[in-house]
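Beneath this line is the structure, given in structure tokens, with notes to follow.
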Amino acid sequence: MPELPKTYDAKAVEAKWTPQWEESGVFAAGQRPDAETWTCMIPPPNVTDRLHMGHALNNTLQDIMVRWHRMQGMDTLWLPGTDHAGIATQAVVERKLYKESKVTRHDLGREEFLKHVWAWKEESGGTILQQLREMGCSCDWSRTAFTMDENLTRAVRTSFVKLWEKGLIYRGARMVNWDCQLQSAIGDDEIDEKEQAGHLWYFRYPYEDGSGHVTVATTRPETMLGDTGVAVHPEDERFRDHVGKNVMLPLANRPIPIVADDSVDPAFGTGAVKVTPAHDFADYERGERHGLPMINILHKDGTLNAEAGAYEGLPREKARKKVVEDMEAAGLLEKIEDHTIRLPLSDRSKTPVEPMMSEQWFVKMKDLAQPAIDAVSNGDLNIRPERWTKVYLDWLLNVRDWCISRQLWWGHQIPVWYDEDDTPVASEHDLQIGDPHPETGKPIVRQDSDVLDTWASSWLWPFSTLGWPRKTDDLARYYPTQFLATGRDIIYLWVARMVMAGYEFLGACPFRDVYIHANILDAQGRKMSKSLGNGIDPRAMIEQYGADAMRFTLAILTTEGQDVKLAPTKFELGRNFMNKMWNAARFVLTSVPSEAENARPGTTLTDRWILSRLQAATEAVDHGLTHFRFHDAANALYHFVWDDFCDWYLEASKERLAARDLPCGATLLHVLRTTVRLLQPFAPYLAAELHTALGGEGPAATQSWPKAAARDEAAEAEMARLQELIRAVRKLRNENRVQPTAEVEAMVRTDDPAPIMAQEALVRRLAKLSNISAGPAVARPQTSATEVLGADEVYVDLAGFIDLDAERDRKRKELEKAESFAASIDKKLANENFVSRAKPEVVARERERLEEARDKVRRLREALEQL
RNA sequence: GGUCCCAUAGCUCAGUUGGCUAGAGCACUUGGUCGACAACCAAGGGGUCACUGGUUCAAGUCCAGUUGGGACCACCA
């Protein structure tokens, strides 16, 4: 037996197993061709991502599920991969290029720039996957996917063309969020709103007929150059007479109409709203309703265009300043108020987003959404915790068309080509310039330069990773998948869309259970963010406490997806538990004689008891994991190991092992080995290490999962009685300050002495007694302290220790407590309604409890009298 | 404005269809280093379960409302 260190050395163990697992390929799917499959697709992190606590939690939970199912004999596939993350990645590489060589992507040109992005991806894109390996994630690394792999690109093409052919894709001018720096449309999910101190400017717009003016309030003065109307509420008395009149738009000197529109809040500002249909989502709709023209005043880079007249060429901020100055000079600036605004900032460029009209590609969503809606009611899809189902359904029921085009370079270029008349056609295969247009026959002149929104590839993830659109064996075998774990923020961005795509392209829901995990917050309950600098780095936690400790802690903190307030010191719980487990194993390995290997597990009370407790723990872990109650599962394991196995069985076994009790050794080996298997999904490194140390064959990860057998109720009840007795003696010793090394004598007055005396050695050892006697008539020594336990009484002879006054006080308090408890049950039973309406077994139990309570009161009185 | 979640020991949180003398980890108090483990062991103190009302024989648990905190959707001129 090699020397085992006193504390568990996580770092060394992890360094040993991580490469070994990878090389041996134990996690590869397909090794059990006859087994049922269980599949889980990793939510692909962005290639630019570095592991954060959210990833750590999410992947810990997935790994627990995969490992648990793998041990149940299933052919498991946990497929890893990354997302090309269009904007994020392009921005990272652009920044890098500019920093290193002061070149922009425009200097390089599209083709050259993309080479740089690929080079970056090859070099740094695998970081997060490496970090997952170091957490012990049991992914099938041989199937690692990337959303821009050849296969996945083909899937994107095929899906696009299929939707195109169904008429679900259209191109149109719509209002989009425009990032002036990236010069691309961006999605709602790519915007951060930032609360900021701003202003509300009040501008006077004179009536065309010279009869005064109407005042409008705005947070974005420069947009007035694109105003094509002023809206008021139809019921607003102040403006009723003016609706239909024109005002002269200052600076631009255009007449624009006053229109009545329900959407106007009469209480805000002046009750009159300037309408800029080309640069505001709400105004766009108002403009549509009233037939107002749209005037786009911005170039794609955010500078003002020719429509802005004298302001042409100015950047937005300068234009704003100048408009205000000019309005003031014209005497049309009424006032400026402070106003908190929520400024939409682009996630990536951190510049303000402008709502802007532009030509974009859209997917019609309504028809796609219906099967995803039905999936919930027909039971194809379960979202856990269940309350998130509503979030999912609310979005789908109000789904809006999806803007899938982005004016970026990094991503899947839209597979649409145009002929010389600009007639578009979608094609799965590249068309070459000069090829005939499949429909018009005219030569193709160009491909659409836009790329697709990143979600247009990730919504195919559950099957594009398996080879679709090709009919691969993997696709047939592993689709649909069983489980998806993800965060609530992408329920509709990703989960809902995957469900839509699953039904649309394969006619089946892509997964059965979706688990929405907690958000990890800092110790004060704030979101962890880069800007606050309050994030806890999982790698630092692994370094400090170990990967298993981190995983176990995260699992035990995961309760029904409730958010988790996390502080680094919380990981001590996991670390301490790993160390406890380690030391229990160390004890077994060093104290159990080798002959025990050939012995059968013991049949004494404690043996039967610990085996029964092991069954209980197995059941509890199974039950917890079945219902995605990770806390329950981890907690059951924790308390079984710590309380039952270490505190009681191990202590009880010491004396037996000293006498070379082989069945006891066999029991220890059996329980420990089984516990190691139960631990494996949560703490794979320690489990692997102990599995090997205990002589296990084959990888720990593919051992069979323990099957819970029947409990031994009799052994559990009997042991509980002994534990109570031992605790009572320890308590009396402690209260009376008996030296820990001093042995005292105890007597138990009981009608059922046999089970106690049968375990005399155990009780004496654990309660530190020189002698114990039990029987219906044992006498209570004058110098003893008493504890009443159910039907028994225990006396501990404390000659030389006991402080009679203190003992009397304690007993008096206990008596009071017991009396009031008895009284409360008595009252309950005196209630006719309780007796007649409560379930009979509840009443019966209360009667029993009353008997016990009265008995206890009587005994305590006796004891007190004798003191 | 709409939807949802949360409030239990000093702290962080469990508490499954109502039956509870309300639990855990940390912190705290007392004592302890006998060959697994001081990242430990033994024992202990600590809670009118946010508030008000209701349903019920019975409410931490169900219902309504109030207060306080948080998330999301819509709006934000």
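We name chains A, B, ... by the order of the sequence lines, and we start the count at 1 in each one.
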Is there a side-chain contact (heavy atoms from CB on, under 4.5 Å) between A:E334 and A:F203 once you walk through the steps? CA-CA 6 Å; A:E334 190 169 298; A:F203 286 165; over 6 Å; no

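The phosphate of B:U30 (OP1 or OP2) has no side-chain N or O of A:R737 nearer than 4.0 angstrom. Phosphate proximity of B:C37 to A:R586: present, with a side-chain N or O under 4.0 Å from OP1 or OP2. Residue A:K6 places no side-chain N or O under 4.0 Å from the OP1 or OP2 atom of B:G35.
Note on ring orientation: taking the six-membered ring where Trp is involved, the planes of A:F268 and A:H339 are perpendicular (angle over 60°, cut-offs 30° and 60°).
Base engagement by A:V264 is indicated by at least one non-hydrogen atom pair under 4.0 Å involving a base atom. Counting any heavy atom pair closer than 4.0 Å across all strands shown, A:R733 reaches no nucleic acid atom. As judged by a 4.0 angstrom heavy-atom cut-off over every strand, A:K839 is placed among the base-contacting residues. A:R220 comes within 4.0 angstrom of no nucleic acid atom, judged by non-hydrogen atoms across all strands.
The six-membered or imidazole ring of A:W642 lies near that of A:Y638, with a centre-to-centre distance under 6.0 Å.
For RNA chain B, the neighbouring residues in residues 645-654 of chain A, judged by any heavy atom under 4.0 Å, are A:C646, A:D647, A:L650, A:E651, A:K654.
The A:K565 side chain lies nearest to B:U12 when the options are B:A24, B:G15, B:U12. Considering only side-chain atoms of A:T559, the nucleotide from B:C76, B:G31, B:C13 that sits closest is B:C13. Of the candidate nucleotides B:C37, B:C76, B:G19, B:G19 has the atom nearest to the side chain of A:A838. Picking from B:C13, B:U21, B:A14 the nucleotide with the shortest atom distance to the side chain of A:H631 gives B:A14. Each of B:G32, B:A39, B:C76 was ranked by its minimum atom distance to the side chain of A:P740; first place goes to B:G32.
Counting atom types as modelled, A:R730 pairs no side-chain N or O with a base atom of B:A43 as donor and acceptor under 3.5 Å. A donor-acceptor contact under 3.5 angstrom links the side-chain atoms of A:K580 to the base of B:C37.
Between A:E846 and A:R849, at least one side-chain N (NZ, or NE/NH1/NH2) sits under 4.0 Å from a carboxylate O, which counts as a salt bridge. Checked for salt-bridge contact, A:R765 and A:E743 miss the test: no charged N lies under 4.0 Å from a carboxylate O.
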Using a cutoff of under 3.5 Å, can you pull out all pairs of nitrogen or oxygen atoms linking the protein to nucleotides 69-73 of chain B, with atom names and distances?
{"unit_1": "B:C72", "atom_1": "OP1", "unit_2": "A:K527", "atom_2": "NZ", "d": "3.3"}
{"unit_1": "B:C72", "atom_1": "O3'", "unit_2": "A:Y492", "atom_2": "OH", "d": "3.4"}
{"unit_1": "B:C73", "atom_1": "OP1", "unit_2": "A:Y492", "atom_2": "OH", "d": "3.0"}

Wobble G-U and Watson-Crick pairs count when both distances are under 3.5 Å; given that, what is the 5' to 3' dot-bracket string of RNA chain B, with | for pairing to other strands? (((((((..((((.....[...)))).(((((.......))))).....(((((..]....))))))))))))....

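Atom-to-atom, CZ of A:F577 to P of B:C40 comes out at 12 Å; the value is rounded to the nearest Å. Distance A:W582 CH2 to B:A36 C1': 11 Å, rounded to the nearest Å.
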